[in-house]
Amino acid sequence: MIGPFVALATFVSVVHAQPAVDLLIDHGFPSTGTLNLNTVLAAVTAKKGTFHFGSTYDTFDADQSWFDGIFTTFYRHVVAENGCKWDATEPSQGVSSLTECLGAQSFANQFSNTFRGHNTFWHSQTPSWLPGSFSASQVVGTIIPQHVQAEIQGMGASVTSWDVVNEVVGDGVSAGMTSLQCVQNKGDWPTVTKDGSGVPLVTDLSFIFAAFKTAFQFAGANTRLAVNDYNTGGAEAKTACVINLIKSIQANTTIPFNRLAVGFQSHLSASTGGFDSKSALASTFSTLSALGVSAMITEMDIEVNANATPNLRYQAAIWGDYLDACLYASNCFEFINWDPRDDLSWRGSAAAATLFDTNGNPKPAAYEVAARLQNFANGGAEPCATASGTSVCKITVTGSSTVGSTTTASSTTTSASSPPTGCVSAQFAQCGGVGWTGCALCAAGTTCQVLNPYFSQCLT
Ligand code: XIL
């Protein structure tokens with residue numbers, strides 16, 4: 001568990017004053033009512049070729065009925081939060097035990113969701129027989145290949161992507177380091193023993209190459225094989241490390257670049273320095289795209305610590321920026337929200353780090369995520385970097401319909417108390433309800449339908 005907690009330490013957990021932000025939900029996109037992403041995710045998928053938006057699930061999670069509902073209507077892609085890790089999948093050496101991992105996959109299948117694999121190699125959450133006192137050649141030549149083969153073969157070809165190695169790059173890396181130096185900087189098994197002495201065990205990247213060679217041999221033909229890490233995404237030295245590592249993996253395994261991916265975990269904080277800018281993400285994704293490598297947001301959560309409205313709006317802005325960075329990149333096809341609900345979050349309820357509150361109700365970030373998806377599906381231009389605050393970014397909504405809605409052009413000064421004459425609300429926008437003073441006219445092909453006394457929506 002060392003790695004994840006270092007992540008929190010580096011992305012400072014103290015939450016500072018939140019800047020005022022402009023959001024799509026301020027511009028006619030729904031900010032209340034129930035959310036159903038099925039239509040919009042289908043439209044996004046049609047535009048991007050493929051796109052997977054989801055969250056974590058384990059068979060032992062409580063509140064199964066809430067999970068059933070949310071993975072039918074909002075999250076449509078499943079990652080086992082813990083059930084596919086080494087301690088769960090090979091509790092005794094050489095004995096593959098995929099019950100929890102397969103259970104999460106069956107849950108995905110039951111609700112027609114897709115499934116991604118996390119993970120085949122990690123220094124953390126290892127079974128009790130590891131690290132043991134195995135030699136470097138046993139680790140690289142037998143233990144890793146056997147485990148990777150059993151898991152990847154056992155889970156079948158439909159897995160969209162596998163985190164083949166998780167958190168192998170150090171936190172103290174600096175620019176110009178070789179990929180070997182980046183990995184040695186981690187200072188964790190198997191480049192050092194875990195006997196407390198820090199004695200080098202595996203002295204090169206052979207353990208990573210072995211994992212990838214095996215994964216490539218046994219994964220489905222369309223499954224992406226990822227290096228997954230935290231505190232990455234922008235201009236950090238650690239990001240350069242994961243890109244260098246991907247190049248080393250390609251050079252040493254001959255796996256085509258277009259089968260490789262970099263997973264950006266994105267465990268963030270809503271505070272200055274607690275996340276990467278949209279432009280920095282775009283630049284990194286484009287560097288990977290030039291190589292033919294996919295980028296993916298694999299474990300997004302954002303600590304805000306208090307459920308005050310400005311915090312939640314800031315959280316929504318950061319979430320929206322990361323989602324946009326993925327949507328508008330040509331090589332980003334997966335976006336995973338780590339833990340589906342605040343009280344289930346590994347970062348603790350108080351962090352309020354997810355899209356749904358402890359009662360299971362959507363937070364502003366959930367509505368904003370829905371709006372970003374809808375804007376993209378509508379052919380709308382990419383919004384400016386909302387997390388940078390209103391002094392830099394005021395959204396103007398533009399776009400033409402590809403999903404049955406017409407263009408809604410909203411100026412940043414539009415007030416809900418005086419709906420503009422001749423306004424038209426796009427599909428899924430609010431058009432009525434108690435207290436609603438905004439636009440009541442729906443775009444062609446949609447009608448204003450009452451969902452509850454407080455919320456009517458333009459639907460087909
Ligand atoms: C976390 C899970 O969310 C927790 O339930 C578990 O106790 C510890 O691991 N990086 C990763 C994930 O790659 O596997 C971690 O998940 C969070 C940090």
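Order of appearance sets the numbers: ligands from 1, and atoms from 1 within every ligand. Side chains are part of it too, since the values below use all heavy atoms of this structure and drop only hydrogens, waters and symmetry mates.
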Pick from N361, D63, I70, L355: which one makes a side chain to side chain contact (heavy atoms under 4.5 Å, CB included) with R341?
-> D63

Under 4.0 Å between a Lys/Arg side-chain N and an Asp/Glu carboxylate O for R313 and D26?
-> yes

Is the shortest side-chain N to carboxylate O distance from R224 to E334 below 4.0 Å?
-> no

Those atoms of ligand 1 less than 4.0 Å from some heavy atom in [X]:
{"X": "E299", "result": "10 (N), 11 (C), 12 (C), 13 (O), 17 (C), 18 (C)"}
{"X": "H267", "result": "10 (N), 17 (C), 18 (C)"}
{"X": "E167", "result": "10 (N), 11 (C), 13 (O), 18 (C)"}

Please confirm whether [X] comes within less than 3.5 Å of ligand 1 when only nitrogen or oxygen atoms on both sides are compared.
{"X": "W338", "answer": "yes"}
{"X": "K85", "answer": "yes"}
{"X": "H118", "answer": "yes"}
{"X": "N166", "answer": "yes"}

For W122, is the nearest heavy atom under 4.0 Å from an atom of ligand 1?
-> yes

Side-chain donor-acceptor pair under 3.5 Å between Q265 and N166, yes or no?
-> yes

Geometric class of the W189/W86 ring pair [parallel <30°, tilted 30-60°, perpendicular >60°] = tilted

To the nearest 0.5 angstrom, please state how far the OG atom of S179 sits from the NZ atom of K247.
-> 10.0 Å

Would you kindly specify which portion of N82 sits under 4.0 Å from ligand 1, judged on non-hydrogen atoms: side chain, backbone, both or neither?
-> side chain

Any residue meeting side chain to side chain donor-acceptor pair (under 3.5 Å) with S388, in chain and number order, not counting sequence neighbours | none

